Amino acid sequence: MSGLGFRYEGNAYDRRFLPRLTTGEIAAMPKDDALIVLPVGAVEQHGPHMPVFTDTLIGEALMAEAFEHLPADAPIWLLPSVGYGKSTEHAEHPGTITLSARTLMAVLEDIAASLARSGFKKLLLFNTHGGNADLLGMMAREIRIATGMAVYRLDPGAVGYSESFTDDEEKASGIHAGDVETSLVMAVCPDWVHPERAVREMPNFPRSPSFSFRAKSFAWTMKDISASGIAGDATKANPARGRAMLDRAGPLLAGALLEIAAFDMGSLKESPLREPSYKASSV
């Protein structure tokens, strides 16, 4: 896939894009095992070299790859991305369009309530923006309580698709617009990237023998940790590595989707206690 060819083409959109079905088709489809995937991204600054659509774009590309590896009869359906996220940490940069936490929570609640009214029972929040992570984790539980749906959250990093493509320094500090994200966007939308403007800027996280001090350890805005808007080494990025990461991510994410779709929440409980085969002797 090159350019924007993955958008509205391929299995994700030709066969498994829920909104292309009619209301009658959706009413008639089996729903007990159907998993609905809702990508949640962001529109926010990604340094001087990358589009503000980066997070949403990467999420769409990853799902397009994943759906190419699903069996034709997999009960997994894709929704349009929620393109805006909670990007308040980038709000001071031009081009960032952020929802407040309350607004994003309300959007997720409304989408989930609509799916529940249609009879769906399983929802996956697929997240490609770090600033959404805590909120989506909380909202998964709130939606579960409000609708009774089984709700899951998946960040693509959980399947380790980029682990073998970058070095330890980037893994530790390359959290925004660095090697991985730049390589991915180079692979799917090369004309949207300006590699001549890419820079290397690594946050100076303290090293301590007793405490791993990383980005999740404290509250920050991007201006606290970076002058350029980059946290990572964007100068190392190249489209071939981005393409290789997408090729690696596709089957890994497809496997995760299939496992989530097959998961039964009821299996988490131990078997009910059985009546003992013996009885106390009477007095």
Side-chain angles (χ1 to χ4, degrees), residues 1-2 4-7 9-18 33-42 54-82 85 122-130 132-133 136-137 140 150-168 170-172 174-189 216 232 236-264 267:
M1 298 177 186
S2 61
L4 285 175
F6 65 85
R7 300 196 83 198
E9 296 179 3
N11 287 337
Y13 295 101
D14 288 337
R15 299 183 181 181
R16 292 294 164 181
F17 192 49
L18 190 70
D33 295 322
L35 175 67
I36 306 301
V37 180
L38 176 64
V40 186
T54 288
D55 287 340
T56 304
L57 183 67
I58 289 174
E60 291 179 343
L62 289 170
M63 277 297 100
E65 292 294 332
F67 274 73
E68 290 299 314
H69 294 273
L70 291 177
D73 59 349
I76 301 173
W77 298 88
L78 183 65
L79 287 179
S81 299
V82 175
K122 294 183 178 182
L123 172 64
L124 170 64
L125 305 176
F126 179 67
N127 176 49
T128 49
H129 166 48
N132 291 335
L136 294 186
V151 189
Y152 311 90
R153 202 201 95 200
L154 176 64
D155 294 7
V159 300
Y161 74 96
S162 64
E163 291 297 306
S164 61
F165 294 97
T166 191
D167 57 34
D168 290 341
E170 190 76 11
K171 290 172 187 173
I175 61 173
H176 189 74
D179 180 16
V180 172
E181 288 189 321
T182 304
S183 294
L184 288 170
V185 178
M186 281 179 164
V188 297
C189 289
K216 294 182 180 179
K236 294 188 300 187
N238 71 74
R241 192 159 64 254
R243 181 66 258 170
M245 282 190 272
L246 288 169
D247 290 342
R248 175 69 174 149
L252 290 174
L253 287 170
L257 294 179
L258 289 169
E259 288 187 29
I260 292 169
F263 179 70
D264 176 11
S267 67

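Below, all heavy atoms of this structure are taken into account, side chains as well, without hydrogens, waters or symmetry copies. Treat the numbers as computed from the prediction; the structure is a model and nothing was measured.
Distance check, rounded to the nearest 0.5 Å: CD1 of I76 to CE of M63 gives 9.0 Å. In this structure, CG in L136 is found 8.5 Å from CG in L38, a value given to the nearest 0.5 Å. One finds the NE2 atom of H176 at 7.0 Å from the CG atom of D55 (value rounded to the nearest 0.5 Å). A distance of 11.0 Å separates CZ of F126 from CD of E60, quoted to the nearest 0.5 Å. Atom-to-atom distance recorded for R241:CZ and L246:CG is 12.5 Å, nearest 0.5 angstrom. From T182, atom OG1 reaches atom CG of N238 across 10.5 Å, with rounding to the nearest 0.5 Å.
No side-chain heavy atom of L62 sits less than 4.5 Å from a side-chain heavy atom of P39. Side-chain contact between T166 and K171 is present, with at least one heavy-atom pair separated by less than 4.5 Å. You'll find the side chain of D179 stays beyond 4.5 Å of the side chain of F165, heavy atoms only. Side-chain contact check for L70 versus N11: every heavy-atom pair is 4.5 Å or farther apart. Residues R16 and V37 are not in side-chain contact: their nearest non-hydrogen atoms beyond the backbone lie 4.5 Å or more apart.
Across all their heavy atoms, A256 and V159 have their closest contact at CB-CG1, 4.2 Å. The minimum heavy-atom distance linking A254 with A66 is given by the pair CB-O, 3.4 Å. Closest of all the heavy-atom pairs between M245 and S183 is CE-CB, 3.7 Å. R15 and A72 get closest at one heavy-atom pair: NH1-CB, 4.4 Å. The minimum heavy-atom distance linking F263 with Y152 is given by the pair CD2-OH, 3.5 Å. When all heavy atoms are compared, the tightest approach of L258 to A74 is CD2-CB, 4.0 Å.
Of the possible donor and acceptor atoms, one in the side chain of T56 sits under 3.5 Å from a partner among the backbone N and O of A42. Checked by atom type and distance alone, the side chain of D33 never pairs as donor or acceptor with a backbone atom of A262 at under 3.5 Å. Judged purely by atom type and a 3.5 angstrom limit, E181 has no side-chain atom pairing as donor or acceptor with the backbone of T54.
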I would like to know whether E65 and R248 meet salt bridge (Lys or Arg N to Asp or Glu O under 4.0 Å); could you show each step before the answer?
CA-CA 9 Å; E65 292 294 332; R248 175 69 174 149; over 6 Å; no
Step-by-step side-chain contact (heavy atoms from CB on, under 4.5 Å) determination, Y161 to V180: CA-CA 10 Å; Y161 74 96; V180 172; 4.1 Å; yes
